[in-house]
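Scroll down for the structure; my scribbles are underneath it.
We name chains A, B, ... by the order of the sequence lines, and we start the count at 1 in each one.
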Number of protein chains: 2
Amino acid sequence: MDVLRLDNQLCFPIYAAAHAIGRAYAPMLDELGLTYPQYLVMLVLWEKDGVGLNDIGARLHLDSGTLTPLLKRLEAQGLVERTRSTEDERRIVVALTAEGKKLRQAAVKIPLKLGAKMARALPKMYAMRGALRDLVKILGSGGDDR
Amino acid sequence: MDVLRLDNQLCFPIYAAAHAIGRAYAPMLDELGLTYPQYLVMLVLWEKDGVGLNDIGARLHLDSGTLTPLLKRLEAQGLVERTRSTEDERRIVVALTAEGKKLRQAAVKIPLKLGAKMARALPKMYAMRGALRDLVKILGSGGDDR
DNA sequence: TGCGATTAGATTGTGTACAATATAATATCT
DNA sequence: AGATATTATATTGTACACAATCTAATCGCA
């Protein structure tokens, strides 16, 4: 077997799928004024508001180089507020604004629409989810828990 | 089920895994002077030299906005040459230099090392490859076959 | 053959993603 | 208590990725 043949690669399909996912989400998220990474950040915050930048990074495996500008833009859109923690001044706490909280209602349609779009792929995606998580763990998760 | 809960997302694990893969490849590819996307382009060319930018894009689901600068940098490194096709002047043909061809020898170790690194994840990755390819098809593949 | 439609790649603009580095704050050790 | 080590985030620099748009070349149709 030719280890350098594109069709024999195991990682490339993941890469290609991730990009396809991003492209598929974009028009729908654009209606909410969000990009896919921003949407992921909002998911984290809708789940637990007022967490640190570090915590968001740990959940999403993204570091401050990515998150700082991203959060700045979310703040500029009036969806979040960033403040320095009083307990530890190195920490940034990210809180949803009322508008940010309200956006959740509109956002509910996103996974529903995407789910419908890739309905026939869903069963296998459910099946591969755990393996993908394991892979992230094995390879090292990036973000601020490095 | 909360459709907006991060752990319930089916796409996020793919996104996270793709980024983890990129991070895992980077140090090794850096020794060859390549980035992961550049490495993918080289895979395509090692397989079939002298193809069009469009063909590379179709294989990798990347468009000219991404490929043009990427190929420019590969050309600057002396690994490829870009020429205008005589049959169709809109087309760019990308050919490996001798140095580009020679790099394949050093590149063989990359998949081997990565494979070793994620050995225990490999069986499931083999299993999910087809499903990931289907997903790319379903969502629309991007690149220049849009 | 001429003209409108389509295509290939370049370009512009925006938003990531991450390595490396810097600065200030906190933790740990002696 | 003081010094050193570590940590959180910002910043800098580089390389993507892709939508939108542009320009020149080619295709398809009347």
Fill in: Strand contacts (DNA chain C) in residues 24-49 of chain A, 4.0 angstrom heavy-atom criterion
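The answer is Thr35(A), Pro37(A), Gln38(A).
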Worksheet item: Of all of residues 74-87 of chain A, which get a heavy atom below 4.0 angstrom from DNA chain C, listed by number?
Response: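 Those residues are Glu87(A).
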When you measure from the side chain of [X], which nucleotide among [options] comes out closest?
X: Asp88(B); options: dA17(C), dA17(D), dA25(D); result: dA25(D)
X: Asn54(B); options: dA8(C), dA17(D), dA17(C); result: dA8(C)
X: Thr68(B); options: dA25(C), dA10(C), dA8(C); result: dA10(C)
X: Glu89(B); options: dT9(D), dA17(C), dA25(D); result: dA25(D)
X: Thr66(B); options: dA17(D), dA10(D), dA17(C); result: dA17(D)
X: Arg23(B); options: dA17(D), dG9(C), dA19(C); result: dA19(C)

Worksheet item: Hey, is the side chain of Ser64(B) pairing donor to acceptor with the base of dA10(C) inside 3.5 Å?
Response: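 Answer yes: a donor N or O sits under 3.5 Å from an acceptor.
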Fill in: pair Val94(B)-Leu67(B): side-chain heavy atoms closer than 4.5 Å
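No - every pair of side-chain heavy atoms lies 4.5 Å or more apart.
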Discussion item. Salt bridge or not between Asp49(A) and Arg104(A)? Use side-chain N to carboxylate O under 4.0 Å.
Written reply: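 Salt bridge absent between Asp49(A) and Arg104(A).
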Worksheet item: Salt bridge between Arg59(B) and Asp7(A), side-chain N to carboxylate O under 4.0 Å?
Response: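 Counted as a salt bridge, because a side-chain N and a carboxylate O are separated by less than 4.0 Å.
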Fill in: Identified side-chain hydrogen bond (donor to acceptor under 3.5 Å, both in side chains) partner of Arg91(A) from the options Thr83(A), Asp55(A), Thr86(A)
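In the set Thr83(A), Asp55(A), Thr86(A), the residue that makes a side-chain hydrogen bond (donor to acceptor under 3.5 Å, both in side chains) with Arg91(A) is Asp55(A).
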Item to complete: Could you walk me through whether Arg82(A) and Glu75(A) pass salt bridge (Lys or Arg N to Asp or Glu O under 4.0 Å), step by step?
Response: CA-CA 7 Å; Arg82(A) 296 177 305 149; Glu75(A) 191 172 44; 3.1 Å; yes
Worksheet item: Do any side-chain nitrogens or oxygens of Lys72(A) fall under 4.0 Å of OP1 or OP2 in dT11(D)?
Response: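 It does, given that an N or O in the side chain of Lys72(A) lies less than 4.0 Å from OP1 or OP2 of dT11(D).
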Worksheet item: OP1 or OP2 of dT23(D) less than 4.0 angstrom from a side-chain nitrogen or oxygen of Arg90(B), does that happen here?
Response: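 Checking Arg90(B) against dT23(D): no side-chain N or O falls below 4.0 Å of OP1 or OP2.
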Fill in: Inter-residue atom distance Ile56(A).CD1 - Lys48(A).NZ, 0.5 Å rounding
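Rounded to the nearest 0.5 Å, the CD1-NZ separation comes to 11.0 Å.
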Worksheet item: What is the distance, rounded to the nearest whole Å, between atom NE2 of His19(B) and atom C1' of dA17(D)?
Response: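 In whole Å, dA17(D) C1' lies 11 Å from His19(B) NE2.
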